[in-house]
Amino acid sequence: MQKTNPHIALVISKLCQRRLGASIAALENYFLSDSNHPSGEKLSSIKSDYLRMADYWQRGIDDAQRTEVYNQLLHRLFALTTDTQTNLLYRENTYWQQLYMRPRKQSADWGLTLIKSRLENYVAETAMLELEPEHIRSAKRLNLDSVHQQFMNNLFDFILTDYSWSDIMARSYDELLLSPTIDMNDQQLIVSAVTMSLLRTFDVNKLLTLMRVYSMTVDQNIRQRALVGWVLTLDSNVDTLYPQIRSQIAEICNNEQCVQELTELQMQLFYCMDAESDEQKIRKEIMPDLMNGSRMRMTSKGLEEIEENTLEEILHPDAAERDMEKMEQSMKRMADMQKQGSDIYFAGFSQMKRFPFFEREANWFVPFYTHHPAITGIWNQVKSKKFLHAITEIGAFCDSDKYSFVLAFEQVLSHLPASMLKMVDDGEAVPMPIGGEVAADERQSPAFLRRMYLQNLYRFFRLFAVRSQYSSPFSSTDCYLFFANKLFRGSELEKRVPEVGAFLMKRGRKDEAMQVLLNCTSIGQNYQYYMLMGTLLGDSSDNDKELECFKKAVSLNPVSNKALVGLARAHFHCGHYDKALEIYERLLELSPESKSYQLNAAICLANLHQEEQALKFLYKLNYLHSEDVAVVRVLAWVLLSCGRAEEAQKHYERLLHQDPVSPLDVLYDGYCHWFLGHILSAIDSFKHYLTFDGMDIDKLETALMQTDADLLKQHHVSDIDIRMMLDALIAV
């Protein structure tokens with residue numbers, strides 16, 4: 001959503017609290033401070049109706065319609081408030097002012113009757129062209145498409161900059177978007193225009209139109225665009241104002257297919273947002289092998305074939321075969337990324353968005369069709385038609401990238417090697433896009449159609465020249481993390497929360513995973529949910545809740561080793577070392593050779609001051625796994641804890657030769673020297689500790705005075721000793 005004026009934000013806040021009188025007063029005060037707003041009469045009408053209702057109430061008159069009227073007044077005032085915000089935007093922002101005026105200069109009449117007539121006439125006239133001779137048909141088709149595309153560009157701009165819709169207008173758009181007499185490409189573009197308008201300013205009627213179209217349309221392209229539109233524009237703040245949104249969501253989520261699509265959409269949004277990181281992986285890890293295996297090299301003039309090197313083949317006869325194997329592996333890796341949902345073409349096409357075609361907002365969202373006036377001339381060239389048809393049909397290219405490819409085709413041709421260019425000219429080239437061919441049935445699947453549309457959206461918000469004027473849904477968790485939206489609480493979608501939570505954790509998005517899990521209110525008896533929540537809480541300071549989650553997980557699946565390990569860890573975090581030890585001993589009965597269980601049991605024993613028992617485990621593990629740094633680290637720590645600093649120091653010396661070095665190993669090495677009376681060596685170790693990122697004298701003081709205070713006291717290091725050590729380090 002666009003940034004809201006603070007005075008308008010105050011009115012909206014009071015409206016969301018359902019405080020009608022206070023909202024009227026707040027907007028009235030704003031109008032008094034800014035006389036340029038033309039909405040004073042509408043506000044006066046709302047205020048008059050409210051005062052009349054209040055007067056009846058004060059006189060004790062019973063009114064069965066009072067609640068309904070109160071809600072209607074709230075809705076009228078909300079629409080007036082958001083329209084006021086829109087007016088302010090058009091008045092103060094040159095870009096939006098020009099965008100608002102652009103379609104209205106072309107036509108003064110943008111009524112639904114005229115719009116529907118124009119759209120239906122286009123379909124009828126296109127059908128009639130089939131009766132014309134070929135040479136006449138082509139010219140008429142080009143003219144018809146040019147006029148129509150200009151109309152659609154203007155219609156997109158009109159809807160994008162339109163004010164709030166009434167209930168009647170919303171129902172009219174429902175009919176327009178569901179009508180079988182209107183071209184489905186036009187309907188898809190209108191859906192995108194409504195979405196973009198909603199991203200600018202929330203409007204409940206536009207939102208409900210998208211939700212109804214999603215539920216009722218028979219065309220999957222329209223359906224998936226509508227799904228993305230209403231999901232990304234949900235505003236949970238208006239829940240109290242418009243309870244029908246939650247009701248509509250609950251109804252949608254009662255359909256298992258809808259729940260599946262919503263779950264897929266949540267994951268696809270993250271794949272889409274990882275386009276830049278995927279690009280780094282492709283550029284650094286995959287493309288070098290592809291170039292080597294293809295026997296091509298990139299030059300300033302484009303791709304160039306590498307001439308055969310007879311001497312190289314004699315000296316390294318297997319090199320070409322190895323390069324080919326690497327290329328095949330890289331191709332498979334790209335194909336796997338693409339099938340998984342990664343946007344593997346973002347970087348490659350990001351430089352192809354500078355054509356004049358992409359100066360119009362609508363062209364970022366128009367479905368790809370070969371009669372678009374901007375590309376029909378290129379598409380119908382004899383030498384390019386077969387090649388273009390093949391590459392745009394079989395690859396996983398979104399509409400935006402298909403237009404980019406066609407527009408850049410002549411430049412692409414000029415960069416191809418001569419032998420490949422001849423094959424293209426002869427129509428013999430059979431291109432295979434990087435990432436592989438996508439089967440025809442997959443290209444029509446809801447998941448694929450949705451992914452391609454998301455990529456259109458992502459490209460607009462990342463690459464459009466004036467993107468700063470738009471609020472990207474990909475940069476706001478309120479938009480893209482809809483599984484954490486309270487409007488879905490209590491719906492059937494909650495059954496898929498553990499699946500999405502696990503997906504986010506695997507991708508390292510722990511904070512977002514936590515938001516999704518916390519939003520769930522009716523998870524019931526779900527083992528995976530409690531395992532995920534317990535794991536996430538393990539990284540926080542809420543040890544009691546972590547323990548509660550793993551207890552629940554164990555009760556649901558008593559034979560799960562993972563749940564038992566989680567419970568043991570939770571007990572450890574709570575300081576219940578005896579209970580944690582009991583669980584590890586139980587696990588060791590089942591898996592006596594488990595290194596992990598033995599190591600954790602040893603740590604519990606050490607914390608219970610049973611160091612000798614702990615060392616039995618650790619000496620054995622160190623013998624069997626002498627190269628395991630984790631084993632050495634625990635052994636050194638236990639030796640240090642039980643007063644055997646000299647032995648511990650030998651192990652820490654070994655750990656300090658690891659790459660990378662752990663700051664804690666350096667700190668404990670300093671303790672060893674200190675306890676052994678090697679004060680200067682201890683100072684050197686602590687100096688080294690302070691060189692690590694994020695370490696400073698305050699953190700060292702915390703470690704000495706609080707975290708490791710018991711350990712230092714055990715080795716007779718006094719408070720004065722600690723102060724002198726800190727002074728020595730400061731002096732240095």
Student: What is the minimum heavy-atom distance between Gln528 and Ala502, and which atoms define it?
Tutor: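 The answer is NE2-CB, 3.6 Å.
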
Student: How about Lys713: does its NZ atom have over 12 heavy atoms from other parts shown lying under 6.0 Å from it?
Tutor: no

Student: Please report the shortest heavy-atom distance between Ala648 and Leu639, naming the atom on each side.
Tutor: CB-CB, 3.9 Å

Student: Mind checking whether Tyr470 and Phe461 have parallel, tilted or perpendicular rings, split at 30° and 60°?
Tutor: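 Geometry flag for Phe461 against Tyr470: perpendicular rings.
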
Student: Can a donor-acceptor pair be found, under 3.5 Å and without considering hydrogens, that links the side chain of Thr691 to the backbone of His688?
Tutor: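 Between the backbone of His688 and the side chain of Thr691 there is a qualifying donor-acceptor contact (under 3.5 Å).
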
Student: Has the side chain of Gln266 got a donor or acceptor atom that lies under 3.5 Å from a matching backbone atom of Phe483?
Tutor: yes

Student: Without hydrogens or angle criteria, can the side chains of Lys616 and Gln613 be said to hold a donor-acceptor pair below 3.5 Å?
Tutor: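 Their side chains do contain a donor-acceptor pair, which is all the 3.5 Å distance test asks for.
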
Student: Can Tyr597 and Ser591 be counted as having a side-chain donor-acceptor contact under 3.5 angstrom?
Tutor: no

Student: Determine whether more than 12 heavy atoms belonging to other residues, nucleotides or ligands lie under 6.0 Å from atom CD of Glu646.
Tutor: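 Not buried by this count: 12 neighbours or fewer within 6.0 Å.
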
Student: Side-chain contact, heavy-atom cut-off 4.5 Å: Arg723 with Glu701?
Tutor: yes

Student: Working to the nearest 0.5 Å, report the span between OG of Ser277 and CZ of Arg507.
Tutor: 7.5 Å

Student: Hey, is the main chain of Ser472 close enough, under 3.5 Å, to the side chain of Ser476 for a donor-acceptor pair?
Tutor: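 No, the answer is negative, given that no donor and acceptor are paired below the 3.5 Å cut-off.
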
Student: Within the distance-only criterion (no hydrogens, no angle test), does the side chain of Asn519 pair as donor or acceptor with the backbone N or O of Asn485 below 3.5 angstrom?
Tutor: yes

Student: So do Thr535 and Phe550 actually touch side chain to side chain, heavy atoms under 4.5 Å?
Tutor: yes

Student: Do the side chain of Arg509 and the main chain of Leu504 share a donor and acceptor less than 3.5 angstrom apart?
Tutor: no

Student: Taking the side chain as everything from C-beta on, heavy atoms only, tell me whether Asp684 gets closer than 4.5 Å to His673.
Tutor: no

Student: Could you go step by step and tell me if Asp669 and Gln649 meet the side-chain contact (heavy atoms from CB on, under 4.5 Å) rule?
Tutor: CA-CA 6 Å; Asp669 179 63; Gln649 200 276 324; 3.3 Å; yes

Student: Using 0.5 Å steps for rounding, measure from the CZ atom of Phe482 to the CG atom of Leu265.
Tutor: 4.0 Å

Student: Applying salt bridge (Lys or Arg N to Asp or Glu O under 4.0 Å), run through Asp401 and Lys353 and close with a yes or a no.
Tutor: CA-CA 9 Å; Asp401 288 353; Lys353 306 300 181 186; 2.8 Å; yes

Student: If you count every heavy atom of other residues, nucleotides or ligands that lies below 6.0 Å from Met705 atom CE, does the total exceed 12?
Tutor: yes

Student: Give me the atom names and distance for the closest heavy-atom approach of Ser236 to Leu487.
Tutor: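 Reported closest heavy-atom pair: CA-CD1, 3.9 Å.
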
Student: Between His715 and Leu711, is there a side-chain heavy-atom distance shorter than 4.5 Å?
Tutor: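 Yes, side chains in contact.
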
Student: Can you tell me how far the CD1 atom of Ile697 sits from the CG atom of Leu726, to the nearest 0.5 Å?
Tutor: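 So the CD1 of Ile697 and the CG of Leu726 are separated by 5.0 Å.
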
Student: Check each of Phe460, Tyr480, Tyr458 against Phe474 using the ring pair (Phe, Tyr, Trp, His ring centres under 6.0 Å) test, and report the only one that passes.
Tutor: Tyr458

Student: Answer yes or no: is there an ion pair linking Arg496 with Glu261, defined by an N-O contact shorter than 4.0 Å?
Tutor: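 Result for this pair is no, no salt bridge flagged.
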
Student: Do the side chains of Leu537 and Cys549 get nearer than 4.5 Å, heavy atoms only?
Tutor: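 Cys549 vs Leu537: side chains touch.
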
Student: So which heavy atom on Gly501 is nearest to which on Ala513, and how close?
Tutor: O-CB, 3.8 Å

Student: I'd like to check Gln455 versus Tyr345 (side-chain heavy atoms, cut-off strictly below 4.5 Å). Are they in contact?
Tutor: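 Contact flag for Gln455/Tyr345 side chains = no.
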
Student: side-chain hydrogen bond (donor to acceptor under 3.5 Å, both in side chains) with Asp343: which of Arg459, Arg451, Gln268?
Tutor: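 By the side-chain hydrogen bond (donor to acceptor under 3.5 Å, both in side chains) criterion, Asp343 pairs with just one of Arg459, Arg451, Gln268: Arg459.
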
Student: Please walk me through it: do Asp721 and Ser718 pass side chain to side chain donor-acceptor pair (under 3.5 Å)?
Tutor: CA-CA 5 Å; Asp721 293 331; Ser718 69; 3.1 Å; yes

Student: State, to 0.1 Å, how close Tyr527 and Ser560 come at their nearest heavy-atom pair, and which atoms those are.
Tutor: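 Here Tyr527 and Ser560 meet closest at OH-OG, 2.6 Å.
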
Student: Can you tell me how far apart CG (Leu564) and CZ (Arg586) are? Round to the nearest 0.5 Å.
Tutor: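 The CG atom of Leu564 sits 4.5 Å away from the CZ atom of Arg586.
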
Student: Is there a side-chain contact (heavy atoms from CB on, under 4.5 Å) between Leu615 and Leu635? Walk through the geometry before answering.
Tutor: CA-CA 7 Å; Leu615 288 172; Leu635 175 59; 3.7 Å; yes

Student: Distance-only, no hydrogens or angles: does the Gln714 side chain make a donor-acceptor pair with backbone N or O of Ser641 under 3.5 Å?
Tutor: yes

Student: For the side chain of Tyr671 and the backbone of Leu712, is there at least one donor-acceptor N/O pair under 3.5 Å apart?
Tutor: no

Student: If you count every heavy atom of other residues, nucleotides or ligands that lies below 6.0 Å from Asp710 atom CG, does the total exceed 12?
Tutor: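 No, the 6.0 Å shell around CG holds no more than 12 heavy atoms from other groups.
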
Student: So, taking the atom named CG in Leu656 and the one named OG in Ser685, what distance separates them when rounded to the nearest 0.5 Å?
Tutor: 7.0 Å

Student: Got a salt bridge between Glu276 and Arg462, using NZ or NE/NH1/NH2 to carboxylate O under 4.0 Å?
Tutor: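 Yes, Glu276 and Arg462 are salt-bridged.
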
Student: Would the distance check show the side chain of Asn607 and the main-chain N or O of Ile603 forming a donor-acceptor pair, the cut-off being under 3.5 Å?
Tutor: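 Yes, Asn607 side chain to Ile603 backbone: donor-acceptor pair under 3.5 Å.
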
Student: Is it the case that atom CG in Asp578 sees more than 12 heavy atoms from other parts of the structure closer than 6.0 Å?
Tutor: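 Check passes, neighbour count above 12.
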
Student: So, taking the atom named CG in Leu547 and the one named NE2 in His576, what distance separates them when rounded to the nearest 0.5 Å?
Tutor: 6.5 Å

Student: Can you find a pair of side-chain heavy atoms, one from Arg450 and one from Leu227, that are under 4.5 Å apart?
Tutor: yes

Student: Any chance you could lay out the side-chain contact (heavy atoms from CB on, under 4.5 Å) test for Leu262 and Cys253, step after step, and finish with the verdict?
Tutor: CA-CA 9 Å; Leu262 285 163; Cys253 291; 3.9 Å; yes

Student: I need the minimum non-hydrogen distance between Phe270 and Leu481, along with the two atoms involved.
Tutor: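 The pair with the smallest heavy-atom distance is CZ-CD1, 3.7 Å.
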
Student: Can you tell if the side chain of Ser540 reaches within under 4.5 Å of the side chain of Lys545, non-hydrogen atoms only?
Tutor: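 A side-chain contact is absent here, since even the closest heavy-atom pair is not under 4.5 Å.
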
Student: Between Phe572 and Tyr577 (judged by ring centroids, cut-off 6.0 Å), do the two rings come close enough to count as a pair?
Tutor: yes

Student: Please test His625 against Leu599 for side-chain contact (heavy atoms from CB on, under 4.5 Å), starting from the C-alpha separation and ending with a verdict.
Tutor: CA-CA 11 Å; His625 307 282; Leu599 199 58; over 6 Å; no

